[in-house]
Amino acid sequence: MNLGALSLLDQAVLVLAAMALFSAFALLAQSRLLAAIHVFAWQGALVAAVAALTGAASGDVNLYISAAITFVLKVLLIPWMLHRLVRRLALERQSDPLPYPALTLLAGAAIVVFADWVAAPVAQFEHSATRNVIAISLAIVLLGMLTMVVRRQALAQVLGFMAIENGLFLAAVASTHGMPLVVELGVAFDVLVAMVLFGVFFLQIKDSIDTLDIDRLSQLSASVEQDEATEAQR
Amino acid sequence: MDRFLNLGAALLQPLLLLAAAPLLTGVIRRIKARLQNRRGAPLLTPYRDLRKLIAKEAIVARTASPLFRAAPYVVFAATLLAAAALPVFSTVLPGARIADAIALIGLLGLARFVLVLAGLDAGTPFGGMGASREMLVTTFAEPALLLVIFTLAMTTHTTNLAGMADATLTGATVLRPSYLFALAALLLLGVAECGRIPVDNPSTHLELTMIHEGMLLEYSGRHLALMEWAAQLKLTLFAVLTVDLFLPWGLATRLTTPAVLAAPPLLALKLLLLAALLALSETVLAKMRLFRVPGYLTLAFLLALLGLLSHVILEAAA
């Protein structure tokens with residue numbers, strides 16, 4: 001594809017989509033929870049900007065509304081709720097480094113190649129200038145899943161989940177100029193409700209086993225207490 | 001006539017780079033001092049340091065082999081030869097025909113290899129420590145640097161640096177995500193390759209942190225002068241490389257008088273901007289622990305890889 005033939009707005013959409021992909025990697029590698037929440041907010045801002053620019057390029061008013069909803073929800077409201085949750089659970093200083101950072105990042109790069117390979121036949125039937133963003137958004141979805149797999153900290157897994165939603169939104173915007181507004185609103189409120197439920201759920205977990213490290217959930221609570229007792233004895 | 005012009009361009013550009021290298025170091029030190037509320041040394045201090053060192057007697061350790069004496073000359077010559085592959089003022093560059101970006105990385109690799117051997121040669125613990133750390137940095141930095149070059153080569157269809165700058169100058173101006181990632185990667189790598197903060201601190205001789213200085217610890221007199229000058233040239237080389245690849249506007253594409261006359265001030269301006277950026281980042285950042293360096297370079301590698309992938313996915317796809 002000849003980039004020079006694209007309009008400046010379309011070029012900007014491509015750049016922003018690529019930056020959103022980088023933010024997915026940053027989310028994968030960031031070990032500090034607060035910094036990861038900021039990365040997630042930036043990703044939301046990038047996706048919202050893609051929606052707004054696509055709206056400007058196509059003259060579709062619905063896309064401006066989607067961009068506004070995304071901005072309010074993913075850049076302001078959800079990060080704020082996560083922030084409050086982190087402060088309430090006293091996790092500000094906790095860091096959760098990846099067990100194998102270089103290996104995980106390479107796996108992420110392999111996922112990007114895989115996403116490109118999978119999306120290539122789909123992109124063939126598209127005629128919009130930004131059809132290649134489908135591969136990028138698929139990669140963001142898969143990277144969000146990878147974040148959920150490799151992270152032990154429950155809050156970081158929630159961030160991965162929210163990043164999956166970001167990727168889906170990006171795909172919808174880039175390939176079909178957005179979902180119908182009803183669907184859009186439904187998904188947005190689903191995410192918001194999920195966030196509230198996660199918050200309640202985390203407080204429960206924290207109350208019952210006193211940690212958010214989900215590796216601990218693979219054991220029965222009695223044996224966890226036993227483990228802690230033996231550790232205390234040492 | 002043309003032949004003389006070409007020969008002049010080929011000889012003049014690396015020599016000018018060589019002459020300007022200490023000045024760039026002086027400028028960076030000055031800006032850094034100002035940012036830290038110090039007055040700072042005069043801009044010409046690096047030149048005076050070099051003159052002083054050249055006049056001094058060179059003392060060589062009794063245990064050192066001939067390699068130790070030869071190393072400064074090899075390092076200096078290899079770096080200067082690498083500089084000859086760079087378009088400084090114009091893309092008309094005869095030297096570029098025999099040396100492309102990959103040869104440039106190879107020449108810098110040769111310089112580093114000899115430097116590491118020299119660091120090991122004298123048999124002092126600090127030299128060995130510096131050498132092993134240098135190799136650690138190189139192992140991560142060099143593949144990433146090659147990836148950056150490949151990313152640009154895929155867009156410009158050449159590995160020749162003058163050709164790359166030429167292609168960017170003559171082609172249409174477009175926003176390329178791959179260039180954005182490659183630029184970020186190259187900035188991170190330049191800092192690591194030239195041994196600046198946060199990877200290495202060029203102004204300290206603190207045993208536990210030094211990399212480049214550790215290898216130079218046994219050198220004195222003219223040997224040390226050559227090594228220092230080569231390090232300054234390498235820093236200038238990376239700055240000019242960044243400018244050539246990502247901001248080539250102002251380079252003369254033909255050897256006409258106005259174009260050639262306009263090029264040096266523009267280049268000086270761009271180098272000044274880069275120097276200010278480096279000084280600012282060195283003021284803001286602290287040197288990181290050695291074991292964090294692989295993580296830093298992994299980030300640079302990831303950026304370079306994403307540049308390559310975003311070129312393939314977003315720019316090259318049918």
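Every chain is numbered from 1, with letters handed out A, B, ... down the list of sequences.
For the residue pair B/F89 and B/L267, the shortest heavy atom distance occurs at CE2-CD2, 3.8 Å.
Between A/F202 and A/F198, the two ring planes are parallel [angle under 30°; tilted spans 30° to 60°].
Residue B/Y179 does not touch chain A at all, counting heavy-atom pairs closer than 4.5 Å. Using a 4.5 Å cut-off between heavy atoms, A/F22 contacts chain B through both its backbone and its side chain.
Ranking A/L105, A/V133, A/L21, A/I136 against chain B, the residue ahead of the rest is A/I136, based on heavy-atom pairs under 4.5 Å. Per-residue heavy-atom pair counts under 4.5 Å with chain B were compared for A/A139, A/G108, A/A18, A/P101, and the maximum is reached by A/A18.
Side-chain contact check for B/L115 versus B/H212: some heavy-atom pair is nearer than 4.5 Å. In this structure, B/R112 and B/E134 have side chains that are in contact, with non-hydrogen atoms separated by less than 4.5 Å.
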